[in-house]
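Report on the structure given below.
Side chains are part of it too, since the values below use all heavy atoms of this structure and drop only hydrogens, waters and symmetry mates. By convention in this document, chain letters (A, B, ...) are assigned in the order of the sequence lines, proteins followed by strands, and residues within each chain are numbered from 1. All values reported here derive from a predicted model rather than from experimental measurement.
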Protein chains: 2
Amino acid sequence: MVRIEHGSTHEAVRRHNLSVVLRQLHLQGALSRSELAARTELNRSTIKALVEQLDSLDLVVEGDLDLRGTRGRPSTMVGIRSDQVVTLAVEIAVDSIAVAVVGLGGHVLDIRRVDRGTDGAAGTDVDDMLGTIHALATELCQPDRPVVGAGVAVVGIVRRADGFVHVAPNLGWTAVPLGELVASRVVQEVLGYDVPVSVANEADLGVLAEHTRGAAQGAADVVYLSGEVGIGGGIIADGRWLTGARGYAGEIGHMPVNPDGLRCGCGGRGCWETEAGERALLRLAGDANRPDAPDAPGRRSGAGAVDEIVTAARGGDPQAGYAVGEVARWLGIGLAGLINVFDPERVVLGGMYGRAFDVLEPTLVEILKDRALTPSSGTELVPAALATAAPLVGAAELAFTPLLEQPDRVMDALMNRRSQ
Amino acid sequence: MVRIEHGSTHEAVRRHNLSVVLRQLHLQGALSRSELAARTELNRSTIKALVEQLDSLDLVVEGDLDLRGTRGRPSTMVGIRSDQVVTLAVEIAVDSIAVAVVGLGGHVLDIRRVDRGTDGAAGTDVDDMLGTIHALATELCQPDRPVVGAGVAVVGIVRRADGFVHVAPNLGWTAVPLGELVASRVVQEVLGYDVPVSVANEADLGVLAEHTRGAAQGAADVVYLSGEVGIGGGIIADGRWLTGARGYAGEIGHMPVNPDGLRCGCGGRGCWETEAGERALLRLAGDANRPDAPDAPGRRSGAGAVDEIVTAARGGDPQAGYAVGEVARWLGIGLAGLINVFDPERVVLGGMYGRAFDVLEPTLVEILKDRALTPSSGTELVPAALATAAPLVGAAELAFTPLLEQPDRVMDALMNRRSQ
DNA sequence: TCGAATTTGATTACGCTAACAACAAAATCA
DNA sequence: TGATTTTGTTGTTAGCGTAATCAAATTCGA
């Protein structure tokens with residue numbers, strides 16, 4: 001693929017500045033006009049004009065004065081229309097499906113989640129799942145509330161360009177054109193007009209969420225690990241979300257770490273998630289105190305069982321402590337490689353790694369001190385901040401991207417589509 | 001680190017367009033004005049003005065007409081002043097030191113290389129090495145030829161911000177402020193004025209070179225592997241050179257691939273370069289037909305010995321074939337992990353992997369088919385195109401970066417400095 | 001409580017830059 | 001040789017951010 005670098009024109013400047021202002025408000029919620037001027041290094045006059053345009057697009061509201069008690073004339077506050085401009089966020093997880101309406105600024109206005117096999121929700125059948133999403137979206141959507149886009153988080157390998165799910169082992173899916181399906185059988189039917197539908201991997205959206213509103217805020221280089229049934233990974237490099245040439249980046253679960261390890265479903269041996277994933281923890285802790293059979297197909301996530309083990313380890317249980325220690329060791333060995341490859345500013349641990357952060361950290365730090373080449377003080381290790389909300393928040397963020405990049409175009413196009 | 005997104009102004013637009021035009025010419029060598037207009041999507045009038053400004057900065061020349069025989073008035077060709085605007089490129093390798101004068105457009109105008117221990121060149125002592133570089137640079141530099149920057153490639157872990165070499169195991173260095181040293185004891189003394197000095201890891205500059213002028217041209221997502229004494233790595237992600245938060249990114253040599261492998265100098269066990277590096281190949285092929293003792297300190301690179309083994313493998317020698325096969329196997333196992341993490345469009349193999357590409361490829365392809373999750377047809381595997389020139393070309397490219405980004409500022413500043 | 005100082009909003013004029021339009025120039029093609 | 005096509009050149013226009021100025025609204029100090 002050859003990239004041609006284009007020149008800039010007036011409109012590009014305007015659009016960029018409009019985008020910068022809107023993004024600031026999206027991230028901060030509300031700012032005074034003078035603060036906007038300071039952050040963007042733009043002139044007061046320019047900010048006024050930009051805010052007026054955003055106002056005319058129904059994206060922001062100019063409200064009260066900024067009453068902070070500083071001297072001088074107080075500045076006008078500019079707020080986000082978080083209730084008037086929303087996206088639809090969908091999460092297709094292993095054991096549940098969730099749909100949320102997320103307002104500009106990242107506010108989750110409403111959310112519905114159903115577990116698989118309950119509430120009439122489907123198993124992993126694609127059609128049933130679309131039906132579930134359709135039903136949830138219908139409940140949530142108010143006809144007068146404009147929706148600017150939809151984002152879908154799914155536990156699978158997703159092609160960025162069109163939301164084609166190449167494979168989703170934990171759902172039993174192969175070759176599902178999820179983007180098209182959601183567009184035609186959910187968005188178009190529920191809303192009555194088309195909006196862009198973006199699909200991405202759950203962990204990739206996790207890092208996007210943590211970077212925008214969670215534990216990775218302000219960090220330009222981030223590695224995010226999410227311990228669920230497998231190990232998911234997402235990366236921010238140089239301030240940008242890394243998705244790879246096709247969108248498959250961040251598939252770290254099957255990095256080889258132990259050639260003598262157990263066989264993995266992918267055909268390899270000693271993959272990272274075989275050694276440091278949820279099943280490894282359950283296996284190492286022994287099956288006695290755990291009701292689930294860890295290898296039963298279609299089983300529900302062992303989150304409850306994992307938490308029991310972690311609690312036991314905190315309480316001094318030797319078997320649980322051993323299991324946690326081993327998982328931490330293999331986690332650290334793989335993580336050392338990633339740190340050497342990316343040199344991240346911060347590593348964010350989500351999923352079960354986030355919940356068990358306190359018991360994992362000591363071992364991790366020790367392993368990394370040995371194995372990571374970069375000065376050890378360089379990389380921060382922190383737990384995720386958004387917990388289970390991360391994929392939905394990330395999906396919403398992804399769906400907001402076109403609006404944030406081209407506020408005027410997206411809103412104009414939306415007006416046309418809705419009025420038809 | 002908090003990033004503030006700034007707005008754009010007139011000057012930013014002008015600078016961007018100036019930069020885009022100059023970069024096109026830097027990459028293509030010469031283009032007609034109408035081609036420039038087409039590529040940049042800028043107006044004819046604008047291109048004229050921009051080219052005139054670049055001409056007044058002594059960066060380009062307007063020359064003959066474009067005589068391609070198409071109908072219509074022929075367009076004026078715009079060429080690069082490759083002989084008038086140059087950078088100094090320095091390579092500090094394990095067994096040699098090289099200095100080159102590289103003109104705009106990437107033309108290597110002149111080059112001097114000395115092996116360590118010959119020609120009065122130093123071993124690995126920092127002072128001696130600076131002396132060598134000083135001598136070579138003095139020979140190469142013509143006083144009337146303006147130098148806009150200097151770039152240094154070094155086999156070590158380098159902090160991007162200031163060119164501080166944290167550690168360079170193969171040179172025996174620790175904590176060497178190489179950027180400062182080259183600036184004060186080479187550039188300032190040889191040229192008589194200051195220019196920015198940038199330092200980076202050899203493999204990182206390798207991928208920059210291959211991406212700009214080699215086998216990775218046009219690819220937005222690239223993984224580059226260089227097999228030398230160790231394994232060096234460089235990454236292009238989403239069209240951008242990836243250096244990490246501090247500049248240590250791409251240190252893939254010590255990724256753990258085999259916990260039962262040999263001890264590595266880094267303290268780990270079964271690091272990638274222990275299993276798939278030069279020493280592994282020499283070890284696996286047996287020592288009988290090789291004069292060098294592979295583990296003698298300060299030894300010269302075993303490039304010759306490696307090539308002997310590769311040639312023997314091509315000829316059907318079973319021992320050599322086994323050694324090459326094992327190296328390919330471990331190389332593939334590690335590479336599968338990298339492919340899953342980055343989802344690159346292209347993987348470029350340099351150093352000994354490039355020279356042995358034909359004998360490595362079959363095994364690599366087989367391993368990747370098994371181990372890499374992404375559709376196997378997705379990622380291209382190609383040998384490097386620039387061979388030993390890559391680090392110097394990359395260093396020059398790095399040194400040209402400020403000029404390409406802000407042509408007017410850099411040239412004005414240079415004028416002032418040289419006239420003092 | 002009142003005036004000075006400070007900071008911001010609003011308005012207008014200005015400068016910079018790219019685009020546009022019209023015409024001239026230089027080639028190909030029939 | 002004339003029609004056609006493409007590009008260079010020139011003057012004009014439009015868009016956008018900035019600077020300058022004045023008015024407005026607050027805090028601070030006496």
_dT17(C), OP1 or OP2 - any side-chain N/O from N17(B) closer than 4.0 Å?_
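Indeed not, no polar side-chain atom of N17(B) lies that close.
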*Among dA18(C), dA19(C), dC28(D), the one nearest N43(B) by side-chain distance*: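 Nearest listed nucleotide: dA19(C).
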*Side chain of L50(B) only, please: which of dA18(C), dT18(D), dC16(D) is the nearest?*
dA18(C)
*Is any side-chain heavy atom of L27(A) closer than 4.5 Å to a side-chain heavy atom of T212(A)?*
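With C-beta onward as the side chain, the pair touches.
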*Going by heavy atoms in the side chains, are D343(A) and T243(B) under 4.5 Å from each other?*
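Side chain of D343(A) against side chain of T243(B), heavy atoms only: no contact under 4.5 Å found.
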Whole Å only: how far is the [atom1] atom of [X] from the [atom2] atom of [N]?
| X | N | atom1 | atom2 | answer |
| --- | --- | --- | --- | --- |
| L31(B) | dT7(D) | CG | C1' | 16 Å |
| L36(A) | dG17(D) | CG | P | 14 Å |
| E41(A) | dT18(D) | CD | P | 10 Å |
| R71(B) | dT6(D) | CZ | C1' | 9 Å |
| L42(A) | dC16(D) | CG | P | 14 Å |

*Do R417(B) and D194(B) meet the salt-bridge criterion of a basic N to acidic O distance under 4.0 Å?*
no
*So what does T9(B) touch, heavy atoms closer than 4.0 Å: a base, only the sugar-phosphate, or nothing?*
sugar-phosphate
_What does the B/S/- profile of nucleotides 9-16 of chain C look like, 5' to 3', with a 4.0 Å heavy-atom cutoff to protein?_
BBB---B-
*Distance-only, no hydrogens or angles: does the H26(B) side chain make a donor-acceptor pair with backbone N or O of L104(B) under 3.5 Å?*
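A pair under 3.5 Å: no.
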*Would you find a donor on one side and an acceptor on the other, under 3.5 Å apart, between the side chain of E210(B) and the backbone of A215(B)?*
yes
*Between CG of N17(B) and CD of Q53(B), what distance do you get to the nearest 0.5 Å?*
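Going from CG on N17(B) over to CD on Q53(B), the span is 10.5 Å.
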